[in-house]
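Everything on this sheet refers to the single structure shown next.
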Number of protein chains: 2
Amino acid sequence: MASLGELERAVMDLLWAGQEAATANTLRDLLAQSTRPQDGSAGHEGKDLAVTTVLTVLSRLERKGLVERERGTRPHRYQAVSSRADHTAELMHEVLGSAPDREAVLARFIGSVTDNEAETLRKLLGRS
Amino acid sequence: MASLGELERAVMDLLWAGQEAATANTLRDLLAQSTRPQDGSAGHEGKDLAVTTVLTVLSRLERKGLVERERGTRPHRYQAVSSRADHTAELMHEVLGSAPDREAVLARFIGSVTDNEAETLRKLLGRS
DNA sequence: GAGCAACTTCTACGTCACGTAGAAGTATGA
DNA sequence: TCATACTTCTACGTGACGTAGAAGTTGCTC
């Protein structure tokens, strides 16, 4: 699985954000509005895209297994297959698995984790 | 930073494996031999590449900051900027940082870690 | 039940990353 | 100084991705 393009990522973000399945048009509108207010993270600034563009992206995401569509309803409804957290965790495992010396990688990884994250990890790992 | 192509990855693997800085020709030869004996992992089977091909790849890797070259010596010598473990750990952090809900991601991540890895992590996190 | 409006599918083009390498330039030992 | 080895420059094919028009399908409405 490769890294998503910018638009693909933006669409996934929207799908992950909304709990409801969305239609292509809804997404198109959301993309148009999103001046990315709160987190000012760079990226697309309220792109005004053609619906077909959004559809194409959705199809590609579907082909990659990231998105699922309800074909029954007429305006097809799209939604992310897995949550953003799941997807991201999976990616992390993929990256981790790409190196033969996993332990070494984990050591480096833990080495540069914030205190809060370290605490979170300790809790998650529990004892045993 | 994006994911490397197949050849780029193969070259990085060689650079990470050897502790010495290598020349383009050395790498070319190694790539030609490498039938990937032990770990049979798919990929290139002893590709017989032109040296210029290797050089191009090395230049691109250099541009990406993954490889460093000694320009002093005549047959330039190349080596990885950081160890594979460092690089991989960095990538993991990058992935982790790509999601807003890091804690959730970590939870999922830990959830699907092997027992051994969990043990390693506990040790690494130590007490405190 | 015919037509319009909305939606989807098909096809396509430009760009960029990457695999691949030839041609030309440069240094270095004999 | 000349051949040899190495590097740089330039380039082409392919595939992913952003982008969207044209054509097809469906469903509501009069």
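Treat the numbers as computed from the prediction; the structure is a model and nothing was measured. Lettering of chains follows the sequences in order, A, B, ..., and the numbering in each one begins at 1.
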- Message: Taking 4.0 Å as the cut-off, does a side-chain nitrogen or oxygen of Asn25(B) come that near to OP1 or OP2 on dC6(D)?
- Response: yes
- Query: If you look at every heavy atom in Glu8(B) and Leu4(B), which pair is closest and at what distance?
  - Reply: OE1-CA, 3.7 Å
- Task: Rounded to the nearest angstrom, tell me the gap between atom NZ in Lys64(B) and atom C1' in dG19(C).
- Result: 12 Å
- Query: Starting at CD of Glu70(B) and ending at P of dC6(D), how long is that distance when rounded to a whole Å?
  - Reply: 15 Å
- Tell me whether the OP1 or OP2 atom of dG18(D) has a side-chain N or O from Thr53(A) closer than 4.0 Å. no
- Query: Should Arg71(A) be listed as having a side-chain N or O under 4.0 Å from OP1 or OP2 of dT9(C)?
  - Reply: yes
- Report the distance from atom CG of Leu4(B) to atom P of dG19(C), rounded to the nearest whole Å. 9 Å
- In whole angstrom, what separates Arg28(A)'s CZ from dA6(C)'s C1'? 13 Å
- Task: Indicate, with a heavy-atom threshold strictly under 4.0 Å, whether Leu55(B) touches base, sugar-phosphate, or nothing.
- Result: base
Would you list the protein and nucleotides 23-30 of chain C atom pairs, both N or O, that sit under 3.5 Å from each other?
none

- Message: Please pick, from dT9(C), dT7(D), dC17(D), the nucleotide with the shortest atom-to-atom distance to any side-chain atom of Glu8(A).
- Response: dC17(D)
- Message: Taking side-chain contact (heavy atoms from CB on, under 4.5 Å) as the definition, give me every residue that meets it alongside Ala118(A), ordered by chain and number, with sequence neighbours left out.
- Response: Val113(A), Arg122(A), Leu125(B)
- On DNA chain C, nearest-nucleotide positions of Arg9(B) versus Tyr78(A): which is more 5'? Tyr78(A)
- Applying salt bridge (charged side-chain N to carboxylate O under 4.0 Å, His left out), name anything that partners Arg71(A), two or more places apart in sequence or on another chain. Glu62(A)
- Side-chain touch Phe109(A)/Met92(A), heavy atoms, less than 4.5 angstrom: yes
- Note on the structure: Whole-Å distance, Arg77(A) CZ to dT8(C) P, equals 10 Å
- Query: What pairs with Glu117(B) under salt bridge (charged side-chain N to carboxylate O under 4.0 Å, His left out), at least two apart in sequence or on another chain?
  - Reply: Arg102(A)
- Rounded to whole angstrom units, what separation is found between the CG atom of Leu58(B) and the P atom of dA21(C)? 15 Å
- Can you sort out the partners of Arg84(B) under salt bridge (charged side-chain N to carboxylate O under 4.0 Å, His left out), two or more places apart, ordered by chain and number? Asp13(B)
- Query: What nucleotide, of dA21(C), dT9(C), dT19(D), holds the atom closest to the side chain of Arg69(A)?
  - Reply: dT9(C)
Might you list the N or O atoms of the protein lying below 3.5 Å from N or O atoms in nucleotides 12-16 of chain C, with each pair's distance?
none

- Query: In whole angstrom, what separates Arg63(A)'s CZ from dT9(C)'s P?
  - Reply: 13 Å
- Who pairs with Thr120(B) by side-chain hydrogen bond (donor to acceptor under 3.5 Å, both in side chains), at least two apart in sequence or on another chain? Glu103(A)
- Item | Selection from dG19(C), dT19(D), dT9(C) that lies nearest to any side-chain heavy atom of Glu6(B) | dG19(C)
Extract all donor-acceptor atom pairs below 3.5 Å that involve side chains of residues 14-23 of chain B and protein atoms in other chains or at least two apart in sequence.
residue  : atom : partner  : partner atom : Å
Trp16(B) : NE1  : Ser82(B) : O            : 2.7
Thr23(B) : OG1  : Asn25(B) : N            : 3.4
Thr23(B) : OG1  : Thr26(B) : N            : 3.1
Thr23(B) : OG1  : Thr26(B) : OG1          : 2.7

- Correct closest heavy-atom pair for Ala89(A) and Arg108(B) would be CB-CB, 3.4 Å
- Item | By salt bridge (charged side-chain N to carboxylate O under 4.0 Å, His left out) - contacts of Arg28(B) (at least two apart) | Asp48(B)
- Message: Output the rounded distance in Å from CG (Leu66(A)) to C1' (dC17(D)).
- Response: 14 Å
